[in-house]
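Scroll down for the structure; my scribbles are underneath it.
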Number of protein chains: 2
Amino acid sequence: MSTVGTEILPQCEPLTCDSDRVEGVEPLGVEKAQQMADFFSLLGDANRLRILSVLSQRELCVHDIASVLGMTESAVSHQLRVLRNLRLVSYRKEKRKVYYQLLDHHVLDLYNAVAEHIDEELA
Amino acid sequence: MSTVGTEILPQCEPLTCDSDRVEGVEPLGVEKAQQMADFFSLLGDANRLRILSVLSQRELCVHDIASVLGMTESAVSHQLRVLRNLRLVSYRKEKRKVYYQLLDHHVLDLYNAVAEHIDEELA
DNA sequence: TTGACATATGAACATATGTTCAAGTATAGT
DNA sequence: ACTATACTTGAACATATGTTCATATGTCAA
């Protein structure tokens, strides 16, 4: 045991704000919070959302995605890799092209929920 | 009309990738995409999610939020301003303290959805 | 094999974001 | 009035993120 003589100040405790309100309040764990944040961050980019929006309508190759969205193929490819890593899209190769499609339709629920949320705010 | 002699290359059109797949595919508008992205980005921070997690359980003052989460009061205050601007939290002043509470419980739905999504992935 | 196309990748760059630090308000108690 | 507490704010700093550019990789066609 690490005793330090007499009278140790509990340094890690809040010194003031004696409210007992904090009791029983269980904060989200740091690790899980980070995982959730990573997931939300993934959707926190306009171009990524736009990519998901077109893939939700049709399977498309990189060039076409870039074409429809007015993005560079390189930029699209970079973003697709992010979506690939998170298992949100899958792809199949045909000839020289790589066709991407939405893999996790779970995401569309979030997408739609927020899309509606935005519309409500404007009203 | 801006005619340039004979045979003008349609420079702005995709030169290759003749797939008609793009037809009918309506991409999410840039503006709305940005609004949605902003909203998701808001949830794309671990500390902000943790703040929301404790506020979802109880109204708390800044000091207590900082205390429970192990954050600086300054950091908490900065983040609360973000949440305030987005109308996700409201506050009331009592004595010297400012008590914050969750305003938009709509967000909790998204929060829970992703929380479950994370849990599923681990299984 | 050569050349055009389709995509991927890495480095560099610019921008955005979050924390810290220091200073500023504001309020309550003595 | 003085001091401690509670919170806010702005600037500085470090980090993260996304795009661009140049360069790979791979595939098809001639």
Side-chain angles (χ1 to χ4, degrees), chain A residues 13-19 21-22 30 33-34 37-52 55 59-86 89-101, chain B residues 9 13-19 21-22 30 33-34 37-52 59-86 89-101:
Chain A
E13 288 299 301
L15 301 173
T16 51
C17 231
D18 51 357
S19 59
R21 291 180 174 261
V22 175
V30 178
Q34 191 56 57
D38 290 343
F39 191 84
F40 279 120
S41 290
L42 213 149
L43 300 174
D45 178 83
N47 283 334
R48 232 145 34 212
L49 288 175
R50 278 159 55 80
I51 290 176
L52 291 176
L55 289 185
E59 179 194 56
L60 286 171
C61 69
V62 179
H63 181 96
D64 286 344
I65 298 174
S67 171
V68 184
L69 300 183
M71 293 176 64
T72 305
E73 295 179 17
S74 178
V76 172
S77 185
H78 276 297
Q79 298 294 24
L80 282 173
R81 179 162 61 154
V82 176
L83 299 175
R84 239 162 41 212
N85 289 340
L86 271 287
V89 299
S90 64
Y91 61 95
R92 69 180 176 81
K93 299 182 181 180
E94 184 181 318
K95 306 242 180 183
R96 296 180 241 187
K97 302 182 184 177
V98 179
Y99 289 96
Y100 281 85
Q101 63 178 358
Chain B
L9 276 184
E13 287 300 300
L15 301 173
T16 51
C17 231
D18 52 355
S19 58
R21 292 179 173 261
V22 176
V30 178
Q34 191 56 57
D38 290 343
F39 191 84
F40 279 120
S41 291
L42 213 148
L43 300 174
D45 178 83
N47 283 334
R48 231 143 37 210
L49 288 175
R50 279 158 54 79
I51 289 176
L52 291 176
E59 179 195 56
L60 285 171
C61 68
V62 178
H63 181 95
D64 286 344
I65 297 173
S67 170
V68 183
L69 300 183
M71 295 176 64
T72 304
E73 294 178 18
S74 177
V76 171
S77 185
H78 275 297
Q79 299 294 24
L80 283 173
R81 179 162 63 153
V82 176
L83 300 176
R84 238 162 43 212
N85 289 340
L86 272 288
V89 299
S90 63
Y91 61 95
R92 69 181 175 81
K93 298 183 182 180
E94 183 181 318
K95 307 241 181 182
R96 297 180 240 186
K97 303 181 184 178
V98 179
Y99 288 96
Y100 281 85
Q101 62 179 353

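Protein chains get the first letters and strands the later ones, always in sequence-line order, with residue 1 at the start of each.
With rounding to whole Å, A:Y91 atom OH is found 19 Å from C:dA6 atom P. Rounded to an integer number of Å, the gap from CG of A:L43 to P of D:dG18 is 11 Å. When rounded to the nearest whole Å, the span between CG of B:N85 and C1' of C:dG18 equals 15 Å. A straight line from CD1 of B:I51 to C1' of C:dG18 spans 11 Å, rounded to a whole angstrom. Between the P atom of D:dT17 and the CZ atom of A:F40 lies a distance of 16 Å, rounded to the nearest Å. Atom CD of A:Q34 and atom P of C:dT19 are 11 Å apart (whole Å). The distance between atom CG of B:D45 and atom P of D:dA16, rounded to the nearest whole Å, is 13 Å. Taking atom NE2 of B:H78 as the reference point, atom C1' of D:dC7 lies 11 Å away to the nearest angstrom.
Taking 4.0 angstrom as the limit, A:R84 places a side-chain polar atom (N or O) nearer than this to OP1 or OP2 of C:dT9. For D:dA6, neither phosphate oxygen OP1 nor OP2 lies less than 4.0 angstrom from any side-chain nitrogen or oxygen of B:Y100. One finds a side-chain N or O of A:Q79 lying less than 4.0 angstrom from the OP1 or OP2 phosphate oxygen of D:dT19. For D:dA29, one of the phosphate oxygens OP1 or OP2 lies less than 4.0 angstrom from a side-chain nitrogen or oxygen of A:K95. Taking 4.0 angstrom as the limit, A:R96 places none of its side-chain polar atoms (N or O) nearer than this to OP1 or OP2 of C:dA4. Contact annotation: B:R81 side-chain N/O to C:dT17 OP1/OP2 distance is not under 4.0 Å.
Among the nucleotides D:dT20, C:dT7, C:dT20, the one closest to any side-chain atom of A:T72 is D:dT20. Between C:dG18, D:dT19, C:dA8, one nucleotide has an atom nearer to the side chain of B:R48 than all others, and that is C:dG18.
Only one option out of A:E59, A:R84, A:R92 pairs with A:Y100 in a side chain to side chain donor-acceptor pair (under 3.5 Å); it is A:R84.
In terms of polar N and O atoms assigned as donor or acceptor, the side chain of A:S74 never comes within less than 3.5 Å of the base of C:dT7 in a complementary pairing.
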Test log, rule side chain to side chain contact (heavy atoms under 4.5 Å, CB included), inputs A:I65 and A:M71: CA-CA 8 Å; A:I65 298 174; A:M71 293 176 64; 5.9 Å; no

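Looking only at side-chain heavy atoms (C-beta outward), A:L69 and A:N47 stay at 4.5 Å or farther from each other.
Each of A:E94 and A:N47 has a nearest nucleotide on DNA chain D; the 5'-most of these lies closest to A:N47.
Here the CD-CG distance, from A:Q79 to A:L52, works out to 10.0 Å after rounding to the nearest 0.5 Å. Note that the CG atom of A:L55 and the CG atom of A:L80 stand 7.0 Å from one another [nearest 0.5 Å].
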